[in-house]
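A quick note: this is a predicted structure, and the numbers were derived from the prediction, not measured. These values consider heavy atoms only, across backbone and side chains, with no hydrogens, waters or symmetry-generated copies.
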Amino acid sequence: SYVGTGSGSCSITFPGHPILVIVMGGHHTWFCAIQGAPEIYLRTDAVGCGVSAVTWTENTLTWAENASGGEYYANGQGGVYHVMALLEVD
């Protein structure tokens with residue numbers, strides 16, 4: 001899990017190579033990221049709220065701030081976000 005900062009991009013580093021990442025938390029915000037996809041589609045309160053560009057680097061997923069603001073790209077100030085990842089088997 002991680003705590004949102006309210007601004008800027010977000011990164012999560014995993015102990016292995018992630019192939020699927022699901023993040024949920026904050027104000028009913030969630031997204032699913034699939035390895036190699038260039039964007040994530042975020043939802044909050046059952047409404048689509050934005051698209052963020054993602055970068056996959058080794059064991060790290062990074063996503064950019066979008067025009068909707070922190071809460072709407074899984075980085076709301078003080079929000080707690082839970083993360084689940086499927087990692088590639090060596």
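We find the CG-OG distance between Leu61 and Ser11 to be 7.5 Å, quoted to the nearest 0.5 Å. The distance from atom CE of Met84 to atom CE of Met24, rounded to the nearest 0.5 Å, is 10.0 Å.
Residues forming a side chain to side chain contact (heavy atoms under 4.5 Å, CB included) with Leu86 (at least two apart in sequence, or on another chain): Ile19, Leu20. Residues passing the side chain to side chain contact (heavy atoms under 4.5 Å, CB included) test with Val3 are Val80, sequence neighbours excluded.
Closest of all the heavy-atom pairs between Glu58 and His17 is O-ND1, 3.0 Å. When all heavy atoms of Leu42 and Ala74 are compared, the pair lying nearest together is CD2-N, 3.9 Å. Shortest non-hydrogen contact noted between Asn75 and Gly4 is OD1-CA, 3.1 Å. Across Leu87 and Pro18, no two heavy atoms sit closer than the pair CD2-CA, 3.7 Å. Between Phe14 and Ala85, the shortest heavy-atom distance links the atoms CE2-CB, 3.5 Å.
Using a 4.5 Å heavy-atom threshold, the side chains of Val83 and Val21 count as touching. Between Ile12 and Thr60 the shortest side-chain heavy-atom distance does not fall below 4.5 Å. Contact of the Phe31 side chain with the Ser52 side chain is not registered, since no non-hydrogen atoms from C-beta on lie closer than 4.5 Å.
With ring centers used as reference points, Tyr81 lies 6.0 Å or more from Trp30.
Between the side chains of Thr55 and Thr62, no donor N or O sits under 3.5 Å from an acceptor N or O.
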